[in-house]
Amino acid sequence: MSGSEGSKTMSASVPKIRLRGVSKSFGDKKVLDGIDLDIETGTSMVVIGGSGSGKSVLIKCILGLIEPDSGTIEIDGKNILTQDRAEREAMRSRIGMLFQNGALFDSLTVWENVAFGLLAQNKCTRAEARPRADTVLAAVGLDATVGDLSPAELSGGMQKRVGLARAIAAQPEILFFDEPTTGLDPIMGAVIDGLIVDCVKKLGSTAIAITHDMLSAQRIGDRAAMLYKGAIVWQGAADTLLNSGNAMVDQFTHGRREGPIQMELRR
Amino acid sequence: MAACSCAPSLRSANFSLPVVALTAIFTGMVLALQSSTGLSRFSADSAVASLVVLSVTRELGPVLAGLMVAGRVGASIAAEIGTMRVTDQIDALSTLSTNPMKYLVAPRLLAGLIAVPLLVVVADILGVLGGFIIATAKLGFSAESYLNNTLTFMQTEDVISGLAKAAVFGVLITLMGCYQGYNSKGGAQGVGAATTSAVVAASVLILAFDYVLTELFFSR
Ligand SMILES: Nc1ncnc2c1ncn2[C@@H]1O[C@H](COP(=O)(O)OP(=O)(O)OP(=O)(O)O)[C@@H](O)[C@H]1O
Ligand SMILES: [Mg+2]
């Protein structure tokens with residue numbers, strides 16, 4: 001049993017992303033309740049947790065899309081919550097995000113979606129955009145003809161891959177993946193996992209991935225954390241997920257109905 | 001920018017043309033008919049031509065076109081931006097180094113500012129034409145004298161004030177559509193509610209601003 005740490009104090013180096021006491025309520029519903037989390041530069045953190053436990057909200061807080069009620073969120077040692085708009089926008093341009101439901105722009109074609117960030121950041125000219133989009137699409141297993149379709153014409157899994165392509169196109173330093181492999185067949189899931197690992201390794205990116213897929217969690221993650229009732233109840237190395245020694249994690253990763261976690265099934 | 005996002009709103013303004021045209025022509029016809037029955041008692045036949053052209057250019061052209069466009073373009077803007085909101089597309093914009101406000105609102109505002117006055121030019125012409133048709137075909141006016149009367153009574157400032165109103169209405173419509181869409185939440189139902197609110201708010205604002213602008217232009 002190697003699991004239950006949390007005592008492993010971080011060295012002098014500043015973690016890429018550092019959360020302290022992050023809380024967020026919607027109405028009287030407390031979704032995040034004092035989250036503490038460190039993610040070291042160049043590593044990837046997998047976040048697991050029940051449906052509705054606030055994983056997506058957590059990522060959106062770090063992105064600055066949702067304002068937490070309290071706490072600090074630091075990226076490279078700078079608290080993003082006290083930054084002004086310009087600084088925040090500069091910070092966001094270093095982050096790529098794959099949204100849970102794709103969030104593709106349905107008024108644009110697939111390749112325009114993929115090239116969107118590149119064009120917005122003036123990282124390439126309009127003439128270069130198409131070939132670059134095709135390259136990234138190829139990396140996620142989609143051929144160039146897909147580029148001319150509109151997102152509505154794609155299957156759910158293809159939309160997910162386009163969302164992934166859009167997130168990684170500008171080669172950001174920080175990558176967030178909200179359920180990257182949900183809705184994909186197992187083989188494509190493995191391909192996408194490989195791609196994520198490649199990105200993190202090649203770009204030296206720091207990543208947070210939310211997933212319900214334990215196989216995928218172990219493939220993508222260096223470390224893993226479990227969110228339950230608004231708090232991080234466990235974190236450790238991702239390859240210890242299945243034998244963490246933590247009763248809650250065990251119940252979750254093995255999908256047992258009995259255990260410390262009671263699903264709220266009322267109503 | 002990856003693409004011009006004003007294209008859809010311009011397109012829907014273009015689709016508003018038939019609706020606005022029909023509204024204008026029937027309004028002109030009704031005005032001629034109503035005013036002839038009311039006014040002939042006081043003789044002045046030139047009054048029909050003047051009443052039609054003044055009501056259409058000053059008031060009914062911009063107001064009716066504004067209300068029609070609010071129902072079409074305002075609703076479609078709210079639905080489009082509302083859908084983008086509830087499907088996280090607006091969040092996605094900000095993660096892709098794009099200010100959603102600027103990207104979504106600015107081009108639509110511009111489109112509204114330009115398209116509604118253009119529609120009102122058409123409405124003015126067709127409104128007068130509607131009056132002309134009834135006046136000559138039904139009320140027995142001579143075409144020549146009706147047109148002469150129309151031109152005599154129509155002042156540049158009537159037309160200009162109407163177009164200025166139209167520009168303001170265009171801005172109100174797009175702003176309401178964008179605002180309601182941008183702040184919509186709660187899935188398809190939320191988008192539906194946003195669409196309704198956008199149309200209602202724009203319509204009420206159009207009527208209120210019509211009064212304010214009339215006060216501004218004409219009460220000296
Ligand atoms: N904008 C919002 N307004 C109100 N409540 C919200 C909002 N966003 C999220 N919530 C609530 O916060 C809770 C956590 O939502 P979140 O989307 O983070 O769940 P999740 O952990 O990502 O779940 P899943 O695995 O199903 O995606 C949910 O109960 C949800 O109802
Ligand atoms: Mg989620």
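By convention in this document, chain letters (A, B, ...) are assigned in the order of the sequence lines, proteins followed by strands, and residues within each chain are numbered from 1.
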Worksheet item: Is there any residue in residues 49-78 of chain A with a non-hydrogen atom under 4.5 Å from a non-hydrogen atom of chain B, and which ones are they?
Response: A:Lys60, A:Leu63, A:Leu65
Discussion item. Just verifying a value: how many Å separate B:Gln89 CD and A:Asn113 CG, rounded to the nearest 0.5 Å?
Written reply: 8.0 Å
Practice prompt. Drop me the distance from A:Asp106's CG to B:Glu80's CD, to the nearest 0.5 angstrom.
Written response: 8.0 Å
Worksheet, complete the sentence: Whatever's closer than 4.5 Å to a heavy atom in chain B on A:Leu118 counts as neither
Discussion item. Under 4.5 Å from any heavy atom of chain B, what part of A:Asn122 do you find: side chain, backbone, both or neither?
Written reply: neither
Discussion item. Does atom CZ (B:Phe26) have a neighbourhood of more than 12 heavy atoms from anything else shown, all under 6.0 Å?
Written reply: no
Worksheet item: Looking at CG of B:Leu96 and CE of A:Met97, how far apart are the two atoms once the value is rounded to the nearest 0.5 Å?
Response: 11.0 Å
Discussion item. How long is the straight-line distance from CG of B:Asp88 back to CG of A:Leu104, given to the nearest 0.5 Å?
Written reply: 11.0 Å
Item to complete: To the nearest 0.5 angstrom, please state how far the CD atom of A:Glu89 sits from the OG atom of B:Ser97.
Response: 8.5 Å
Discussion item. Counting only heavy atoms not in A:Glu128 (residues, nucleotides, ligands), do more than 12 fall under 6.0 Å from its CD?
Written reply: yes
Worksheet item: Is the CZ atom of B:Phe209 crowded by more than 12 outside heavy atoms at less than 6.0 Å?
Response: no
Response to the item:
Residues at least two apart in sequence or cross-chain that pass ring-ring contact (aromatic ring centres under 6.0 Å, His included) with A:Phe105, listed by chain then number, are A:Phe116
Practice prompt. Mind jotting down which residue pairs meet the side chain to side chain donor-acceptor pair (under 3.5 Å) criterion with at least one end in residues 146-157 of chain A? Sequence neighbours excluded, please.
Written response: A:Arg130-A:Asp148
Worksheet entry | Check against side chain to side chain contact (heavy atoms under 4.5 Å, CB included), A:Phe99 and B:Thr87 | CA-CA 9 Å; A:Phe99 286 84; B:Thr87 55; over 6 Å; no
Worksheet item: Quick one: ring-ring contact (aromatic ring centres under 6.0 Å, His included) partners of B:Phe132, sequence neighbours excluded?
Response: B:Tyr146
Worksheet, complete the sentence: Applying a strict 4.5 Å limit to non-hydrogen atoms, the region of A:Arg166 in contact with chain B is both
Discussion item. Is B:Leu93 close to chain A through its backbone or its side chain, or both, or neither, when contacts mean heavy atoms under 4.5 Å?
Written reply: both
Practice prompt. Enter the distance from A:Arg94:CZ to B:Thr95:OG1 here, rounded to the nearest 0.5 Å.
Written response: 15.0 Å
Worksheet entry | NZ (A:Lys201) with more than 12 external heavy atoms under 6.0 Å | yes
